[in-house]
Amino acid sequence: AAKLSPEKLLCQLRDRVNVTMIQGSDGPFNSSEWQHYLPEKSLNETVGRLGRCAVVSSAGSLKSSHLGPEIDSHDAVLRFNGAPVKGFQEDVGQKTTIRLVNSQLVTVEEQQFLKDALYNTGILIVWDPAPYHAEIHEWYRKPDYKFFEAYKLYRIRHPEQPFYILNPKMQWQLWDILQENSLEHIQPNPPSSGMLGIVIMMTLCDEVDVYEFLPSKRQTDICHYYQKFHDRACTMGAYHPLLFEKNLVKHLNQGTDEDIYTHGKVTLPGFRNVHC
Ligand code: NCC
């Protein structure tokens with residue numbers, strides 16, 4: 001597989017990765033069991049048109065970065081899973097516009113998810129590792145984690161908060177492009193929340209700054225900026241094709257290598273500014 005130029009690769013991402021949320025009219029979700037649970041407004045309508053956006057990885061290298069004010073200067077900020085802001089504002093900022101969570105968190109950490117105020121800010125999006133290119137019906141019968149009940153419970157408790165389910169087709173459309181642009185064979189596991197969040201923001205924003213997805217000079221084996229846990233796999237990947245994701249993002253970077261080194265910052269164009 002020959003590597004595409006950054007311009008061509010952006011066009012592939014724009015044209016082949018369909019970022020959509022499950023709607024009340026989709027497949028098994030159009031049943032009476034699901035009535036009133038899914039948000040009525042589309043994600044696009046909910047967020048409006050966004051200018052400069054920030055995606056904040058959960059990497060340990062955010063610690064002592066002092067990136068908080070810079071991150072908060074963006075029109076919208078996307079964070080992942082249980083990544084906190086309270087007590088970490090100096091390094092990661094305090095604004096949360098969208099929080100992307102995986103279905104494991106919603107299911108395995110259900111009690112915390114339902115009760116922790118961390119999740120009550122901004123728009124929530126949950127995604128689940130669906131079988132490779134499965135139809136929605138097939139995925140619905142066999143999700144990786146059975147998060148649907150927890151989703152409904154959360155919706156009952158927080159009916160005003162927008163909470164979307166990512167259409168699982170997207171992850172494999174993105175994985176195909178990762179595979180086509182890598183020399184090695186990639187395990188067929190879905191991209192990380194990080195990579196999914198980056199592409200979601202590229203569909204919503206004019207420009208996307210991604211922080212500490214490509215590690216800066218602060219690179220560390222500490223997994224998260226909010227925990228003491230050490231594991232190299234957090235940065236390099238084990239289950240998720242993280243290394244391939246990072247190579248792709250590096251290839252697309254429109255900022256400088258200096259910005260990566262000092263701020264862990266990569267700048268990507270929004271798809272509406274990509275001309276094919
Ligand atoms: O760790 P996690 O990811 O929540 O991190 C969010 C995203 O930040 C990027 N990251 C993180 C740490 C690091 N050192 N370098 C990074 O680049 C990655 O892009 C990552 O996706 C996930 O992707 O959903 C993941 O979720 C956790 C865990 O399920 C949640 O934190 C909820 O507790 C997974 N960890 C485990 O299952 C133990 C992780 O593998 C992937």
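Each ligand, and each atom within it, is numbered from 1 in the order the structure gives.
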For atom 9 (C) of ligand 1, what's the nearest protein heavy-atom neighbour? Residue, atom name and distance, please.
Ser57 CB, 3.9 Å
Suppose I only count heavy atoms of Lys246 and a 4.0 Å limit; which atoms of ligand 1 are within that range?
15 (N), 16 (C), 17 (O)
Indicate yes or no: does an N/O atom of Phe80 lie under 3.5 Å from an N/O atom of ligand 1?
no
Nitrogen or oxygen of Glu212 less than 3.5 angstrom from that of ligand 1
no
Please could you name the atoms of ligand 1 that His224 approaches to less than 4.0 Å, counting only its heavy atoms?
1 (O), 2 (P)
Between Tyr37 and Phe29, is the gap from one ring center to the other below 6.0 Å?
no
Met201 and its side-chain contact (heavy atoms from CB on, under 4.5 Å) partner, picked from Leu204, Val199, Ile198, Thr203:
Leu204
Who's the nearest protein heavy-atom neighbour of atom 40 (O) of ligand 1, and how far?
His240 CD2, 4.2 Å
List ligand 1 atoms under 4.0 Å from Phe213, heavy atoms only on the residue side.
17 (O), 19 (O)
Verify the ring-centre separation between Tyr154 and Phe113: is it less than 6.0 angstrom?
yes
If you scan protein heavy atoms around atom 8 (O) of ligand 1, the nearest is Ser58 N, 3.4 Å
For ligand 1, find out whether one of its N or O atoms is nearer than 3.5 Å to an N or O atom of Trp127.
no
Indicate, as side chain, backbone, both or neither, the part of Ala238 found under 4.0 angstrom from ligand 1 when only non-hydrogen atoms are considered.
neither
The criterion is side-chain hydrogen bond (donor to acceptor under 3.5 Å, both in side chains); which residues satisfy it with Trp139, sequence neighbours excluded?
Asp128
What protein heavy atom lies closest to atom 35 (N) of ligand 1? Include the residue and the distance to one decimal.
Gln104 OE1, 4.9 Å
Counting non-hydrogen protein atoms only, what is the nearest one to atom 20 (C) of ligand 1? Give residue, atom name and distance.
Gly194 N, 3.9 Å
I'd like to know if Arg52 pairs up with Asp209 as an ion pair, taking the criterion as any Lys NZ or Arg NE/NH1/NH2 lying under 4.0 Å from an Asp or Glu carboxylate oxygen.
yes
Under a 4.0 Å heavy-atom limit, does Thr235 contact ligand 1 with its side chain, its backbone, both, or neither?
both
Hey, does Cys234 come in under 3.5 Å of ligand 1, counting only N/O atoms on both sides?
yes
Using a 3.5 Å cut-off on N or O atoms only, is Ser192 in polar contact with ligand 1?
yes
Does an N or O from Ser193, backbone or side chain, lie closer than 3.5 Å to an N or O of ligand 1?
yes
